[in-house]
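Here is the structure we will look at.
For the single chain, residues carry numbers from 1 onward in sequence order.
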Amino acid sequence: MIGFLGRRGKQSAAEKAAIEPLIEGFSIEVMPRTAAKVDDFKALLPPGTRVYIAHIEGTPIEDMVATARRLSEDGFPVMPHFPARIIKDRATLEDWIARYQGEAGVDQALLLAGGGGAPAGDYHSSMQLMETGLFDKAGFRRLHVAGHPEGNRDIDPDGSTGNVDAALRWKQDFAERTDAEMAIVTQFAFEAEPVLAWIERLRGIGVDLPVHVGIAGPAKLQTLIKFAIACGVGSSLKVLQRRAMDVSKLVLPYEPTDVLADFAAAAKRDGGSAVAQIHFFPLGGIGACANWADRHSVAAPASAAV
């Protein structure tokens, strides 16, 4: 289900009440160039909001660290991306960790491969980054890894889930020998049931890491399609394309109300939520996403612990 205004009409009080606890403690993602457009994060985000900083290839590490320092000084827990394929070697990785830690007080990271391009150096997977031992040596408190409910053609070109499943089982084993708390954060999705089925399948193969589900923030349909194509979001892209064929929907903004209501309904049905936390991708802008979350929250999210 995809939440364009008008699909369900006015949100019911029951739906709002169900969504409120689900988004409590949400996290959000920024980039240095988008963060630079925000005058005051403290006026925008609740205290304790974890802020991920996406590291796009070509972004200087100086810009990443400066953004991390700004957010950290504002009191937000900061989780920068470490994309393996753009890290040249161990010395570079060690330097990045030291800069983040020394200049911005960072003690958590999202470790990911970083796309399907040729590696810039010695690393091509998040597992290799973990195996260096550098994050444990630096005392990183939290390490997150990427999850792909719709599969990942870069990792499994044949369309299967064999490689991604094996990688997550490896990370589950790693979680048992690292001092850092670990969790999976997923790519954004527009439907609840495929994500919930994926989480259930993970539990069946012995992966019980907490799952932080990626949700696209409010945005125009055209914007969502652009990002879905760029990020390889398969079945969700098909949903968007079907909606795009309805001219009446092209001018209506997307809001994540319905998909979150579906997650909440599943939690009520199953007697508990499979979702540890919601992670927002502010595809339509940080301000729009933060304001939407504020309108649907009970209170400011506390610093997340899962």
Sequence neighbours excluded and cut-off under 3.5 Å, please list the side-chain donor-acceptor pairs for residues 51-60, or say none.
from	atom 1	to	atom 2	distance (Å)
Tyr52	OH	His144	ND1	2.8
His55	NE2	Thr59	O	3.0
Thr59	OG1	Ile56	O	2.9

Side chains of Trp96 and Pro80 in contact at under 4.5 Å (non-hydrogen atoms): no
Salt bridge (Lys or Arg N to Asp or Glu O under 4.0 Å) pairs, two or more places apart, involving residues 97-113: Glu62-Arg99, Arg69-Glu103, Asp95-Arg99, Asp107-Arg141
Single-linkage hydrophobic cluster Ile278~Ile28, side-chain heavy atoms < 4.5 angstrom: yes
Connected via hydrophobic side-chain network under 4.5 Å: Phe281 and Ile286: yes
Phe190/Val259 under side chain to side chain contact (heavy atoms under 4.5 Å, CB included): CA gap, chis, key distance, verdict: CA-CA 6 Å; Phe190 301 102; Val259 65; 5.7 Å; no
Residue pair Gln277 / Gly25: nearest heavy atoms and the distance that separates them: NE2-O, 2.8 Å
Salt bridge (Lys or Arg N to Asp or Glu O under 4.0 Å) contacts touching residues 29-49 (sequence neighbours left out): none
Candidate pair Phe82 and Tyr100, rule ring-ring contact (aromatic ring centres under 6.0 Å, His included), full reasoning: CA-CA 11 Å; Phe82 280 77; Tyr100 278 124; 5.5 Å; yes
Non-neighbouring partners of Arg269 that pass salt bridge (charged side-chain N to carboxylate O under 4.0 Å, His left out), sequence neighbours left out: Glu193
CA sep, side-chain torsions, deciding dist, call: Gln108, Val78, side chain to side chain contact (heavy atoms under 4.5 Å, CB included): CA-CA 7 Å; Gln108 49 189 296; Val78 180; over 6 Å; no
Co-membership, hydrophobic cluster, residues Leu143 and Leu202, 4.5 Å side-chain: yes
Nearest heavy-atom neighbours spanning Phe76 and Thr49: CD2-O, 3.5 Å
Approximate separation, where rounding is to 0.5 Å, of Met130 CE and Asp136 CG: 10.5 Å
Minimal non-hydrogen separation, Ala175 against Leu209, with atom names: CB-CD2, 3.7 Å
Nearest heavy atoms of Tyr123 and Ile87, plus distance in Å: CD1-O, 3.7 Å
Rounded distance (nearest 0.5 Å) linking atom CD1 of Ile205 with atom CG of Asp165: 4.0 Å
Approximate separation, where rounding is to 0.5 Å, of Asp262 CG and Thr257 OG1: 11.0 Å
Backbone of Met79 reached by a side-chain donor or acceptor of Arg142 within 3.5 Å: no
CA sep, side-chain torsions, deciding dist, call: Phe188, Leu283, side chain to side chain contact (heavy atoms under 4.5 Å, CB included): CA-CA 10 Å; Phe188 58 86; Leu283 305 184; 4.1 Å; yes
Check against side chain to side chain contact (heavy atoms under 4.5 Å, CB included), Glu131 and Phe174: CA-CA 9 Å; Glu131 283 182 321; Phe174 180 82; over 6 Å; no
Test side-chain hydrogen bond (donor to acceptor under 3.5 Å, both in side chains) applied to Thr67 - qualifying residues, sequence neighbours left out: none
Closest contact, heavy atoms only, Ala68 versus Val106: CB-CG2, 4.2 Å
Connected via hydrophobic side-chain network under 4.5 Å: Leu93 and Leu110: no
Salt bridge (charged side-chain N to carboxylate O under 4.0 Å, His left out) partners of Arg203, counting only residues at least two apart: none
Gap between atom CZ of Phe140 and atom CG of Leu134 - 0.5 Å precision: 10.0 Å
Contact summary for Ala104 and Val65, nearest pair of heavy atoms: CB-O, 4.3 Å
From CD (Gln172) to CD1 (Ile184), nearest 0.5 Å: 7.5 Å
Rounded distance [0.5 Å steps], CD in Gln128 versus CZ in Arg90: 12.5 Å
Residue of the set Ile199, Val213, Ile215 for which side chain to side chain contact (heavy atoms under 4.5 Å, CB included) holds with Thr186: Val213
Joint cluster assignment, Trp198 & Val185, ILVMFWY side-chain distance < 4.5 Å: no
